[in-house]
Amino acid sequence: MMRRAWIGCVCAAWGVVAVAQEVAWIDVHTHIQVAAGVLPAGAADGAVDSMNRLGIERSLLMPPPQPDRHIRGFHDLGDLQHAVRAHPGRFALLGGSALNAMLHQTPADAVDDAVKARFRQQALDYVAQGAVGFGEIALLHLSLPLMGATHPYESVPGDHPLLLLLADIAAEQQRPVDLHFDLVPEDMPLPDSLRAQPSNPDRLDANGEAFKRLLAHNPKAVFIWSHVGFEPLLTRHPERVRQLLKTYPNLHMSFRVNRGAPRPAAALDPAGRLKPQWQALIGDFPDRFMLGSDAFYGPGGSERGATEEGLQNLRQLVAQLPPDVARQVARDNAIRLYRLRP
């Protein structure tokens, strides 16, 4: 009891470094930042420098979800293998760009046996290359002004035939699927903060029911719904998350907490404290959450997405959990779900 009180005092004072360092953590959602359309030399070194400083034991690298193979900077699992070779034991890889492009380039009514065969073969090629999962796969991916003019808008229904096929492949191969899914609970106008990006539509259609059909399609498929805790629409509030976790045992989530905010869907308050509703939710489902910064690494460390503040906020979140829960969220769940070698 005294230890928990001590941890709470330390966190309230923002002095979380010593506490967080007690738990080495695994970052399950990271990228390499493409510069001028090319993966920069030294990006893996920059990532490891940041990881060493922040107590990150291992990072899961994946290509961002591009809707088209011909977009400048498109890359995939094979282009990230250099990080694994240069730093054994510090990275694991997910593959997904080609699957995501095929998904977004193929209307649902155009999916035939030949398309399914190509999609399946691409997924199996990733497995053969050592992928520990499939991702990042986008259902609804809003274009964010802070991410630049090339940040894509992408949208497909959650029950698209290729997504249902991916669920079956993921179950067969025992590989989780990392999903980017901006939840729209009901039809709504696009928030003013996103109107600077012309690729975003003026209105957003409700997409939750199709997503539920995806989760229910194959209960053996493991889904990691990324970016909980801070996302553009802030619609994933604790009670909604609780109901989904209760209903779908194959659903897991990774926290991204670039900053705190008053809205209930933000896991941290503006002072960096973990909100009581989120504390209770994590405590009730300690085996369903992980940490995924969404950092885009270059030679100098994280150059886009999660800032240094965002990475520190993940440590802050872990430091405010009981030690046994902190270990699960920070490390053990990632090892179990992605079948990583300790």
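Heavy atoms only: backbone and side chains are in, while hydrogens, waters and symmetry mates are out. As the structure is a prediction and not an experimental result, all values here were calculated from the model.
Each of Leu77, Asp76, Asp79 was evaluated against Leu93; a single residue qualifies, Leu77, per the side-chain contact (heavy atoms from CB on, under 4.5 Å) test. Of the candidates His151, His31, His141, His29, His141 is the only one forming a ring pair (Phe, Tyr, Trp, His ring centres under 6.0 Å) with His180. Residue Asn100 is tested with Glu154, Gln105, Arg69 for a side-chain contact (heavy atoms from CB on, under 4.5 Å); the sole match is Glu154.
At a threshold of 4.0 Å, the pair Asp284-Arg242 counts as salt-bridged, since one of the basic side-chain nitrogens sits closer than that to a carboxylate oxygen. Salt-bridge check for Glu309 with Arg259: failed, with every basic side-chain N at 4.0 Å or more from each acidic carboxylate O. Salt-bridge formation is not detected for the pair Arg256/Glu231: no Lys NZ or Arg NE/NH1/NH2 atom is positioned less than 4.0 Å from an Asp or Glu carboxylate oxygen. At a threshold of 4.0 Å, the pair Arg327-Asp332 does not count as salt-bridged, since none of the basic side-chain nitrogens sits closer than that to a carboxylate oxygen.
With Trp225 as the aromatic partner, Arg236 meets the cation-pi criteria of under 6.0 angstrom to the ring centre and within 45 degrees of the ring axis.
Asp159 and His217 are not linked by any side-chain donor-acceptor pair at a separation below 3.5 angstrom, with hydrogens and angles left out of the test. With hydrogens and angles left out, the side-chain atoms of Asp125 and Gln129 include no donor and acceptor closer than 3.5 Å. Side-chain atoms of Asp287 and Asn333 include no donor-acceptor pair closer than 3.5 Å.
Both Leu54 and Leu317 are members of a single hydrophobic cluster when ILVMFWY side chains are connected at heavy-atom separations under 4.5 Å. Under the 4.5 Å side-chain contact rule for hydrophobic residues, Val48 and Trp25 share a cluster. Residues Val222 and Phe285 are members of separate hydrophobic clusters, defined by side-chain heavy-atom contacts under 4.5 angstrom among Ile, Leu, Val, Met, Phe, Trp and Tyr. A continuous path of ILVMFWY side-chain contacts below 4.5 Å connects Leu165 to Leu139, so both sit in one hydrophobic cluster.
The structure places OG of Ser50 at 7.5 Å from CD1 of Ile56, a figure rounded to the nearest 0.5 Å. The NZ atom of Lys116 sits 13.0 Å away from the CZ atom of Arg118 when rounded to the nearest 0.5 Å.
Across all non-hydrogen atoms, the minimal contact from Gly229 to Phe255 is CA-CD2, 4.2 Å. When every heavy atom of Val156 is checked against every heavy atom of Ala138, the shortest pair comes out as CG2-O, 3.8 Å. Scanning both residues, Val132 and Tyr338, for their nearest heavy atoms gives O-CD2, 3.4 Å. Ala24 and Glu57 get closest at one heavy-atom pair: CB-OE1, 3.8 Å. Ala266 approaches Leu234 most closely through the heavy-atom pair N-CD2, 4.0 Å. For Pro249 against Arg288, the heavy-atom pair with the smallest separation is CA-NH2, 3.4 Å.
Applying the ring pair (Phe, Tyr, Trp, His ring centres under 6.0 Å) test to pairs two or more places apart or on separate chains, none has a residue in residues 74-132.
The side-chain contact (heavy atoms from CB on, under 4.5 Å) test applied to Thr30 returns Asp27, Ser59, Leu61, Ser293, Tyr297, not counting sequence neighbours.
Side-chain N or O atoms of Arg203 include none that pairs as donor or acceptor with a backbone N or O of Leu190 at under 3.5 Å. Using a distance-only test at 3.5 Å, with no hydrogens or angles considered, no donor-acceptor pair links the side chain of Lys220 to the main chain of Glu172. Here the side chain of Asn200 pairs no donor or acceptor atom with the backbone of Arg195 at under 3.5 angstrom. A distance-only check finds no donor-acceptor pair linking the side chain of Asp178 to the backbone of Ser226 [under 3.5 Å]. A donor-acceptor contact shorter than 3.5 Å links the side chain of Gln320 to the backbone of Gly272. Of the possible polar contacts, none joining the Arg53 side chain to the Met51 backbone as a donor-acceptor pair under 3.5 Å is found.
Leu179 is listed as a side-chain neighbour of Val177, based on a closest heavy-atom distance under 4.5 Å. Contact annotation: the side chain of Glu303 never approaches that of Phe296 to less than 4.5 Å [non-hydrogen atoms, C-beta and beyond]. By the 4.5 Å heavy-atom criterion applied to side chains, Arg240 and Leu183 are counted as neighbours. Side-chain contact between Asp205 and Glu186 is absent, with no heavy-atom pair separated by less than 4.5 Å. Two residues are said to be in side-chain contact when any heavy atoms from C-beta on lie closer than 4.5 Å; Leu321 and Leu274 meet this criterion.
More than 12 heavy atoms of other residues, nucleotides or ligands lie within 6.0 Å of CG in Asp187, so this atom counts as buried by the packing criterion.
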